[in-house]
Amino acid sequence: MANFIAISDPDQKRRLEFIQKVSERIAPVDGLSIGGCSFGDLEIKWAANPRAPISYEVSETECVTVFGTPITKGGTFLDAVGLSSYWNRDSAPSEFPYFNGFYAALSYSADGRLVVGADILGLFPIYYWQQDDVFIVSSSVHLLSFHPLFPARFNPSGLVGILLTGHMFDGETLFQGVRRLEAGHILVHGPHGNTQEVETYRIPVSTRYFDLPLDKQAAVLWKHLQNATERNVRHEQAHGLLLSGGRDSRMLAGLLALQGVETHALSFGLGDESDLWCATQVAQRLGFRHSRHSISQQDYPAYAETTLNCWGLDNGFNIISGWGILPALHQLPPLLVSGYVMDAVVGPGCIGAGYSDAEESLSFERFFRSVNAWAISADNLRNLLRQDVFHGLLDECMAKIRQCYESYAEFESQKIWRFDLDHRQRFHTGRALWVASFSSWPIVPALDSEVIATVAGLPAAALANRRIQDEIFRAYLPKLAELPLDRGSAKKNYPIHVGLRGQLDYLRREIMRTMHISIMRSLGNRQYGKENYFTKLLNLNGPGWRSIRKIADQHRESVYQIFDQQTLNELLPPADEIIQYSDNLIVEGSGHKLLLGSILWADKWIAKQ
């Protein structure tokens with residue numbers, strides 16, 4: 001995709017000097033093309049992969065710039081010229097239509113009105129800041145800091161939300177006065193300096209399909225998934241596909257194969273991981289070209305630096321290794337079909353996380369416990385956060401989280417689903433699309449209003465535990481349902497559904513894999529086959545994260561202005577200690593990574609103040 005920045009500033013000298021300064025820093029990775037355009041008091045600059053779908057149109061009355069491809073509900077792909085006919089300067093912003101697809105767009109008219117929008121789930125990051133007659137909007141919060149009027153003041157409230165949830169909350173960043181545009185909204189900056197977020201899309205929760213039996217619910221969802229794939233994919237072109245060993249990319253692989261799309265699949269691993277093994281079975285079954293790539297953990301310090309420069313801790317600090325997939329994506333076609341957010345949309349595991357056995361019901365308290373498991377507990381935060389800095393912000397943020405949750409819908413399951421989409425999926429998962437787009441532009445069939453509206457009308461019983469997804473596999477993708485499925489453990493790869501022949505085939509594959517693992521271990525590689533690749537990348541005791549821990553240890557004093565030193569040292573052991581996890585090292589390690597990120601971010605910003 002593109003890392004972009006746009007500035008509206010009547011001071012031409014200041015505006016051009018700022019653009020010149022950010023032009024030297026706007027590319028987060030090597031190999032990007034720098035572009036830009038201007039109109040009146042507006043300057044836009046971007047860095048993007050040379051294959052990215054970017055268009056702009058400058059006329060006598062307006063300047064329109066589009067990163068990606070907005071798609072109308074009828075399936076029309078829009079460029080800057082096409083978008084201008086929908087974002088009519090004579091229409092009220094609240095009347096602007098929403099679009100499918102992964103994109104961001106800006107429209108600046110001669111009267112000084114700037115309109116900025118993105119995909120319906122707000123996955124494409126849009127940050128903005130204003131002071132006096134200067135207004136800046138960017139996909140990277142770091143770029144704002146190069147403006148001479150930008151104060152770069154720490155926002156304690158923003159950090160509290162991050163430490164409670166594992167990502168930003170309520171649009172607040174780590175800088176005072178800088179906000180991220182809410183999902184389903186467009187940003188409107190008027191000629192007189194007034195700025196507002198205007199809602200144009202809201203997920204239409206309903207009970208439309210509650211009365212249907214599961215097989216009919218699956219039929220309805222399958223139809224709309226097919227339609228969404230048909231709308232989003234350009235069938236005359238080859239596409240790349242990120243193929244893991246799980247359900248979501250497997251379902252997309254089946255859809256692409258059924259629609260005859262030439263596909264080059266990419267999976268990650270060193271060769272011994274269960275997720276890579278499962279993905280390979282799918283690629284072979286469908287006849288896809290299949291490549292494998294491993295991410296260098298030696299580059300983790302550089303990935304951490306790039307992450308902090310682009311968005312700080314707004315998307316958490318759990319997965320920084322995404323930058324390491326870019327070299328492999330360069331070998332794929334320009335368009336990349338991705339299953340990111342697919343599980344959250346059509347098979348949300350978050351619903352079950354809100355269930356209490358004792359109460360036999362879903363509840364906010366139970367659900368928030370699962371959210372907070374990825375971050376720092378409230379009890380630990382009360383000891384960690386210095387009260388002279390944060391005062392009562394912790395309780396205030398927790399109250400806002402509860403209020404946000406209650407605002408979504410009538411049914412608890414829909415509240416949980418909506419909260420998860422608007423927060424964890426938008427930030428933690430969505431950032432992967434932004435990163436990947438610096439090599440190949442993401443095509444995301446789940447990011448489609450028709451699919452989302454369908455799921456919004458389904459009951460929890462169909463969605464939880466991937467039940468409706470598995471029904472779709474059994475009914476419409478039976479050959480893929482018979483293949484081994486990665487379930488997050490190297491020991492549990494049983495298929496979704498198998499008949500007698502499938503059971504025999506599965507046993508044959510498992511025996512061959514077990515023999516191969518035994519041989520490799522007997523040759524001295526005792527860890528061979530014990531973890532899937534994703535777990536290796538996220539292990540805080542692994543070589544990549546250990547190198548980041550060593551760097552953070554050198555800068556702990558930078559964060560003592562806001563954290564209690566003793567509590568921090570109790571929560572985050574030094575790099576030379578092995579951190580023990582009781583159950584899930586990915587979830588339990590996420591909070592430790594937030595603390596590491598806080599130290600490194602504080603060293604860049606707070607220590608300078």
What's the verdict on side chain to side chain donor-acceptor pair (under 3.5 Å) for Ser244 and Asp275, showing C-alpha distance, side-chain angles and the deciding distance? CA-CA 6 Å; Ser244 70; Asp275 45 349; over 6 Å; no
Intermediate values then yes/no, side-chain contact (heavy atoms from CB on, under 4.5 Å), Ile496 and Arg247: CA-CA 9 Å; Ile496 295 170; Arg247 289 175 177 85; 4.3 Å; yes
For side chain to side chain donor-acceptor pair (under 3.5 Å), just list the numbers for His235 and Gln259, CA-CA rounded to whole Å, side-chain angles, deciding distance to a tenth of an Å, and then say yes or no. CA-CA 8 Å; His235 291 72; Gln259 296 187 12; 2.7 Å; yes
From CA spacing to verdict: ring pair (Phe, Tyr, Trp, His ring centres under 6.0 Å), His167, Trp374: CA-CA 9 Å; His167 44 68; Trp374 291 87; 9.8 Å; no
Begin from the C-alpha positions of Arg250 and Asp486 and carry the test salt bridge (charged side-chain N to carboxylate O under 4.0 Å, His left out) through to its verdict. CA-CA 11 Å; Arg250 178 176 302 200; Asp486 177 59; over 6 Å; no
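Taking the six-membered ring where the residue is Trp, Trp222 and Tyr476 present parallel rings, their angle staying beneath 30° rather than reaching 60°.
Across all their heavy atoms, Ile34 and Ala47 have their closest contact at CD1-CB, 3.5 Å. The shortest heavy-atom contact between Ala304 and Ile548 is CB-CD1, 3.9 Å. For Pro333 against Ser440, the heavy-atom pair with the smallest separation is O-OG, 3.2 Å. In terms of heavy-atom proximity, Asp422 sits nearest to Phe427 at O-CE1, 3.8 Å. Of all heavy-atom pairs between Thr306 and Pro28, the closest is CG2-O, 3.8 Å. Contact detail for Pro53 and Thr69: the closest heavy-atom pair is CB-OG1, 3.8 Å.
Going from atom CG of Asn541 over to atom CG of Leu585 covers 8.0 Å, rounded to the nearest 0.5 Å. Atom CZ of Arg546 sits about 13.5 Å away from atom CD1 of Ile551, to the nearest 0.5 Å. In this structure, the separation between CD1 on Ile376 and OG on Ser598 is 8.0 Å, given to the nearest 0.5 Å. Here the CG atom belonging to Leu421 is positioned 7.0 Å from the CD1 atom belonging to Ile452, to the nearest 0.5 angstrom. Considering CD of Gln331 and CZ of Arg289, their distance stands at 8.5 Å, rounded to 0.5 Å.
One side chain, Tyr127 or Asp314, offers a donor N or O that lies under 3.5 Å from an acceptor on the other. For the residue pair Ser449 / Asn100, a side-chain donor-acceptor distance below 3.5 Å is found, with atom types taken as modelled. Checked by atom type, the side-chain pair Gln469/Asp343 shows no donor-acceptor distance below 3.5 Å. A donor-acceptor pair shorter than 3.5 Å cannot be found between the side chains of Ser439 and Asn49. A donor-acceptor contact closer than 3.5 angstrom is absent between the side chains of His290 and Gln284.
Arg426 has no carboxylate O lying under 4.0 Å from a charged side-chain N of Asp420, or vice versa, which leaves the two without a salt bridge. Ion pairing between a basic and an acidic side chain is recognised when a charged N comes within 4.0 Å of a carboxylate O; Asp553 and Arg549 show no such pairing.
A side-chain donor-acceptor contact under 3.5 Å links Asn3 to the backbone of Ile26.
Aromatic pair Phe419/Phe367: centroids less than 6.0 angstrom apart. Ring centers of Phe102 and Phe124: under 6.0 Å apart, within the cut-off. Taking the ring centroids of Trp323 and Tyr303, they lie at or beyond the 6.0 Å cut-off. Under the 6.0 Å cut-off for aromatic ring centres, Phe169 and His423 qualify, their centroids lying closer than that.
More than 12 non-hydrogen atoms from other residues, nucleotides or ligands lie less than 6.0 angstrom from CD of Glu450.
Figure legend: cation-pi geometry between Lys73 and Tyr98, with NZ or CZ positioned under 6.0 Å from the six-membered ring centre and within 45° of its axis.
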